[in-house]
Amino acid sequence: MRFQAPRGTADVVPADSFKWQRIESVFREVVRLYGYYELRTPTFEDTELFTRTAGETSDIVTKQMYTFMDKGDRSITLKPEGTAPAMRALLEHNLCPTGAVARLSYVTPIFRYERPQKGRLREAHQVGFELVGSSSPLADAEVIEITMKFYQELGIAGTVAMINSLGRESCRQQFREAILTSTAAYLADQPLEFQEKVRKNPLRLLDSKDPSAQEAIKSVPPITNYLEGESRARFDKIQELLTDANVPYQLSPEVVRGLDYYTETVFEVQSTSLGAQSALCGGGRYDNLIAELGGPATPSVGVAMGIERAIIVMDDAGLWPNGNEPDVFVIQATDQAQTECQRLARNLRQSGLVTLFDIDSRSMKSQLRQADKSGAPIALILGEDELAKGTVQVKRLGSSEQFEIPISDVVAKVLELK
RNA sequence: GCGGGUAUAGCUCAGGGGUUAGAGCGCCUGACUGUGGCUCAGGAGGCCGCGGGUUCGAGACCCGCUAUCCGCCCCA
């Protein structure tokens with residue numbers, strides 16, 4: 001019996017791990033510039049944290065959570081998303097005292113029991129950040145701007161922030177009714193279960209890919225028609241801010257998000273490389289979430305970006321300039337030089353140079369082949385002759401250039417050439 | 001949760017009832033002394049996804065399972 005990774009999970013093998021490291025480091029750097037600090041929360045939480053916040057009708061809560069009873073008869077759930085746990089921790093540690101603003105970032109696995117597909121796993125990973133405590137449209141714009149900067153830094157070209165506004169509760173109420181009336185004929189022909197779902201949350205109908213649903217939706221006026229004074233003003237202001245910041249965006253009335261805690265602003269970034277899973281990230285404002293968790297009313301906005309999905313897009317576009325090539329390969333031309341080769345390698349590493357060496361003392365031909373394969377730009381050759389003279393052969397791989405220098409100059413030379 | 005495709009070497013894939021299962025790429029070794037890439041020669045590496053069935057005989061046909069991919073649903 002050979003084991004394999006559980007369905008919907010994936011190993012990150014050494015040949016790919018640099019991609020994860022790159023995405024995470026770009027994320028940390030971008031977010032750092034705006035003053036966000038990392039928050040780490042547990043892998044599992046009380047189940048109720050998610051049922052209370054994500055929405056009882058949402059698919060995540062109704063059928064996608066990894067929920068189990070622990071040995072103390074507590075209902076536990078592996079976190080299906082990052083925002084609710086972050087807000088729970090924020091309250092628990094009073095990270096955002098009343099009147100203050102907090103900026104938090106996180107890198108986390110998320111778990112959803114779904115049928116796996118390309119870009120859709122049961123254990124996936126997200127990077128995300130939250131701007132807590134401000135109702136200013138500048139907060140919405142900041143979050144969207146950072147998100148787009150992140151994708152730009154990764155080199156993902158042509159991305160556009162697809163933005164929409166769900167308005168405040170009263171706007172949504174009117175809009176829900178408008179959806180139900182204008183799609184009544186279509187709905188009547190649908191399965192009862194589906195009708196029920198739409199009645200509970202009509203917004204769900206909007207991002208359906210079913211052609212007949214899309215046809216029916218055409219008669220629904222955009223939700224932004226229903227935005228009342230303050231919501232309207234906020235949405236306009238956000239657009240103005242994004243335009244000023246040179247952030248590419250488009251108004252996208254079909255973007256409504258699958259988590260019920262969103263209010264006012266919602267947005268996504270999509271990519272065609274992802275097939276049926278078109279969303280690269282999703283975010284928005286959640287002004288009621290913290291109060292829902294028992295905290296003071298705290299307007300907040302945030303976003304979560306899929307790491308695996310970013311990797312798919314970057315693979316597709318060939319955006320990985322270099323992997324993890326070593327700087328230099330040390331080659332022992334004769335066995336007698338082994339100790340000296342080891343010393344040399346140690347010195348190189350002391351100076352921060354990634355240095356490889358064939359520990360199996362294979363033939364020189366083999367060592368050179370390995371050096372070539374490794375992608376190192378330089379090979380250093382050291383044998384009896386060089387030992388006697390106190391020198392080293394420096395070979396530039398990729399050309400046939402080779403020269404001899406005193407061993408004492410080697411580190412400086414490699415630093416210069418690499 | 002529903003529908004469809006696929007599963008053979010590390011990778012991409014051929015073989016469609018009949019001896020010891022193949023190719024390309026990759027890997028290892030060698031082609032006079034201590035020199036890579038190109039070329040040539042040799043070699044290693046397969047429970048043909050797992051379990052059952054049909055058959056004189058199954059990698060191939062049938063059933064179940066598992067995994068994966070695509071679509072629906074949903075979303076990162």
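Order of the sequence lines fixes the chain letters, A, B, ..., with proteins taken first and strands second; residue numbering starts at 1 for each chain. For the numbers below, each heavy atom of this structure counts, side chains included, while hydrogens, waters and symmetry mates do not.
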Colleague: Looking at B:G34, B:C69, B:C75, which one has an atom nearest to any side-chain atom of A:Gln393?
Modeller: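 Minimum distance to the A:Gln393 side chain belongs to B:G34.
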
Colleague: Syn or anti for B:G16, with syn set at within 90° of 0?
Modeller: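 Syn, angle within 90° of zero.
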
Colleague: Rounded to whole angstroms, how far apart are CG on A:Leu274 and P on B:C74?
Modeller: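 Taking atom P of B:C74 as the reference, CG of A:Leu274 is at 18 Å.
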
Colleague: Counting just side-chain N and O atoms, does A:Ser366 come under 4.0 Å of either OP1 or OP2 of B:U29?
Modeller: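 Result: yes.
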
Colleague: Under a plain distance cut-off of 3.5 Å, with no hydrogens placed, do A:Gln173 and A:Tyr226 share a side-chain donor-acceptor pair?
Modeller: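 Note: A:Tyr226 and A:Gln173 side chains miss the donor-acceptor criterion.
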
Colleague: In whole angstrom, give the distance that lies between atom CZ of A:Arg115 and atom C1' of B:C74.
Modeller: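 It is 14 Å, rounded to the nearest whole Å.
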
Colleague: Provide, to the nearest angstrom, the distance between the NZ atom belonging to A:Lys365 and the C1' atom belonging to B:U29.
Modeller: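 Distance check: A:Lys365 NZ to B:U29 C1' gives 11 Å.
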
Colleague: Base, sugar-phosphate, or nothing for A:Ser400, non-hydrogen atoms under 4.0 angstrom?
Modeller: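 Base contact.
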
Colleague: Let's test this: given Watson-Crick or G-U wobble pairing with both distances under 3.5 Å, identify the partner of B:G57.
Modeller: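 The answer is none; no pair meets the criterion.
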
Colleague: For the residue pair A:Lys413 and A:Phe403, establish whether any side-chain heavy-atom pair is separated by less than 4.5 Å.
Modeller: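 Of all side-chain heavy-atom pairs linking A:Phe403 with A:Lys413, at least one is under 4.5 Å.
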
Colleague: Given B:U35, B:C69, B:G37, identify the nucleotide with an atom nearest to the side chain of A:Arg369.
Modeller: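 From the listed options, B:G37 comes nearest.
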
Colleague: As a test of reading the structure: which of B:G36, B:G34, B:C69 is closest to the side chain of A:Glu384, going by heavy atoms?
Modeller: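 Among the listed nucleotides, the one closest to the side chain of A:Glu384 is B:G34.
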
Colleague: Would you mind telling me which of B:G36, B:G71, B:C75 lies closest to the side-chain atoms of A:Ala279?
Modeller: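 So the nucleotide nearest the side chain must be B:C75.
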
Colleague: Counting only Watson-Crick or G-U wobble pairs whose two distances fall under 3.5 Å, which nucleotide matches B:C73?
Modeller: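 The answer is none; no pair meets the criterion.
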
Colleague: What nucleic acid atoms does A:Gly283 come within less than 4.0 Å of, heavy atoms only: base, sugar-phosphate, or nothing?
Modeller: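 The answer is nothing, as A:Gly283 stays clear of every strand by at least 4.0 Å.
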
Colleague: Can you check whether A:Arg7 has a side-chain N or O nearer than 4.0 Å to OP1 or OP2 of B:U68?
Modeller: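 Answer yes for this pair, as a side-chain N or O of A:Arg7 is under 4.0 Å from OP1 or OP2.
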
Colleague: For the residue pair A:Leu39 and A:Thr41, establish whether any side-chain heavy-atom pair is separated by less than 4.5 Å.
Modeller: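 Yes, side chains in contact.
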
Colleague: With a non-hydrogen cut-off below 4.0 angstrom, is A:Gly119 in contact with a base, only sugar-phosphate, or nothing?
Modeller: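 If one applies the 4.0 Å heavy-atom cut-off, A:Gly119 turns out to touch a base.
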
Colleague: With a 3.5 angstrom cut-off on both distances, give the Watson-Crick or G-U wobble partner of B:C48, or none if there isn't one.
Modeller: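 Partner of B:C48: none found under 3.5 Å.
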
Colleague: B:A31 pairs with which nucleotide, Watson-Crick or G-U wobble, both distances below 3.5 Å?
Modeller: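 Because both required distances fall under 3.5 Å, B:A31 counts as paired with B:U39.
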
Colleague: Kindly point out which of B:C74, B:G37, B:U66 is positioned nearest to the side chain of A:Gln4?
Modeller: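 Nearest nucleotide to the side chain: B:U66.
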
Colleague: Does B:G17 have a Watson-Crick or wobble partner in any strand here, with both distances under 3.5 angstrom, and which is it?
Modeller: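 B:G17 is paired with nothing.
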
Colleague: How long is the straight-line distance from CZ of A:Arg176 back to CG of A:Leu205, given to the nearest 0.5 Å?
Modeller: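 That separation rounds to 13.5 Å.
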
Colleague: Which nucleotide wins on minimum distance to the side chain of A:Gln402, given the candidates B:U35, B:C74, B:A67?
Modeller: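 Given the options B:U35, B:C74, B:A67, the side chain of A:Gln402 is closest to B:U35.
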
Colleague: Between B:C74, B:C28, B:U35, which nucleotide gets closest to the side-chain atoms of A:Gln64?
Modeller: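 Of the candidates, B:C74 comes closest.
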
Colleague: Report yes if some heavy atom in the side chain of A:Arg172 is under 4.5 Å from a heavy atom in the side chain of A:Thr263; otherwise report no.
Modeller: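 In contact.
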
Colleague: Expressed in angstrom and rounded to an integer, what is the separation of A:Gln117 atom CD from B:U68 atom C1'?
Modeller: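 Spelled out: CD on A:Gln117 to C1' on B:U68 is 11 Å.
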
Colleague: So what's B:U66 paired with, Watson-Crick or G-U wobble, going by both distances under 3.5 Å?
Modeller: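 By the stated definition (distances under 3.5 Å), B:A7 pairs with B:U66.
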
Colleague: In whole Å, what is the span from the CG atom of A:Asp16 to the C1' atom of B:C11?
Modeller: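 Computing the A:Asp16:CG to B:C11:C1' distance gives 13 Å.
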
Colleague: How close or far is atom P of B:C73 from atom CZ of A:Arg112, stated in whole angstroms?
Modeller: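 Rounding to the nearest Å, CZ of A:Arg112 and P of B:C73 are 17 Å apart.
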
Colleague: Please determine, for the side chain of A:Asp59, which listed nucleotide (B:G36, B:C69, B:C73) has the closest atom?
Modeller: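 Among B:G36, B:C69, B:C73, the one nearest the side chain of A:Asp59 is B:C73.
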
Colleague: Do you know the tightest heavy-atom contact between A:Ala279 and A:Glu268?
Modeller: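 Nearest heavy atoms, A:Ala279 then A:Glu268: CB-OE1, 4.0 Å.
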
Colleague: Classify the side-chain pair A:Ser361/A:Gln338 by whether it contains a donor and acceptor separated by less than 3.5 Å.
Modeller: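 A pair is found: one side chain offers a donor N or O, the other an acceptor, under 3.5 Å apart.
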
Colleague: Quick one: closest heavy-atom pair of A:Gly35 and A:Arg103, and the distance?
Modeller: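 Taking A:Gly35 first and A:Arg103 second, the nearest heavy atoms are O-CB, 3.6 Å.
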
Colleague: Check every strand shown and say whether A:Lys395 touches a base, only sugar-phosphate, or nothing at a heavy-atom separation below 4.0 Å.
Modeller: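 Answer is base: heavy atoms of A:Lys395 come under 4.0 Å of a base.
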
Colleague: In whole Å, what is the span from the CZ atom of A:Phe329 to the P atom of B:U35?
Modeller: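 Checked: the CZ to P distance equals 16 Å.
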
Colleague: Please classify the nucleic acid contact of A:Ile307 as base, sugar-phosphate, or nothing, using heavy-atom distances under 4.0 Å.
Modeller: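 Counting heavy atoms under 4.0 Å across all strands, no contact is made by A:Ile307.
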
Colleague: What distance, rounded to whole Å, do you find between the two C1' atoms, one in B:A7 and one in B:C75?
Modeller: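 Approximately 28 Å lies between the C1' atom of B:A7 and that of B:C75.
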
Colleague: Tell me if the side-chain of A:Arg309 makes a donor-acceptor pair with the base of B:C75, cut-off 3.5 Å, by modelled atom types.
Modeller: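 Yes, a donor-acceptor pair under 3.5 Å.
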
Colleague: How is A:Ser399 classified with respect to the nucleic acid when contacts are heavy atoms under 4.0 Å: base, sugar-phosphate, or nothing?
Modeller: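 Result for A:Ser399 = base.
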
Colleague: Could you tell me the separation between the CE atom of A:Met364 and the P atom of B:C32, rounded to a whole number of Å?
Modeller: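 Atom CE in A:Met364 sits about 15 Å away from atom P in B:C32.
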
Colleague: When you check the gap from the basic side-chain N to the acidic O, do A:Asp140 and A:Lys237 get nearer than 4.0 Å?
Modeller: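 No.
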
Colleague: What integer number of Å spans the P atoms of B:G10 and B:C27?
Modeller: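 Per the computed distance, 15 Å lies between those P atoms.
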
Colleague: Contact class for A:Ala371 vs. all strands (heavy atom < 4.0 Å): base, sugar-phosphate, or nothing?
Modeller: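 A:Ala371: no heavy atom of the nucleic acid under 4.0 Å.
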
Colleague: Using the C1' atoms only, state how far B:G16 lies from B:G22, rounded to an integer number of Å.
Modeller: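 B:G22 and B:G16 have their C1' atoms separated by 15 Å.
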
Colleague: Please report the distance separating the P of B:A60 from the corresponding atom of B:C47, rounded so that it comes out in whole Å.
Modeller: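 Each nucleotide's P atom is 16 Å from the other's.
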
Colleague: Please state the C1' separation for the pair B:G49 and B:U66 - nearest whole angstrom.
Modeller: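 Nearest-Å result for B:G49 against B:U66 at atom C1': 8 Å.
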
Colleague: So A:Ile381, base contact, sugar-phosphate only, or nothing? Heavy-atom distance under 4.0 Å.
Modeller: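 The answer is base, as A:Ile381 lies within the cut-off (heavy atoms under 4.0 Å) of a base atom.
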
Colleague: Tell me what A:Glu268 touches on the nucleic acid: a base, only sugar-phosphate, or nothing, going by heavy atoms under 4.0 Å.
Modeller: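 It contacts nothing in the nucleic acid.
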
Colleague: Considering heavy-atom distances to RNA chain B, does A:Arg362 or A:Leu382 have its closest nucleotide positioned more toward the 5' end?
Modeller: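 Closest to the 5' end, via its nearest nucleotide, is A:Arg362.
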
Colleague: By nearest atom, which of the nucleotides B:G34, B:C74, B:G36 is closest to the A:Asp385 side chain?
Modeller: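 Closest of the options to the side chain of A:Asp385: B:G34.
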
Colleague: Where the side chain of A:Asp372 is defined as all heavy atoms beyond and including C-beta, which of B:G37, B:G30, B:A67 is the nearest nucleotide?
Modeller: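 The nucleotide sitting nearest to the side chain is B:G37.
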
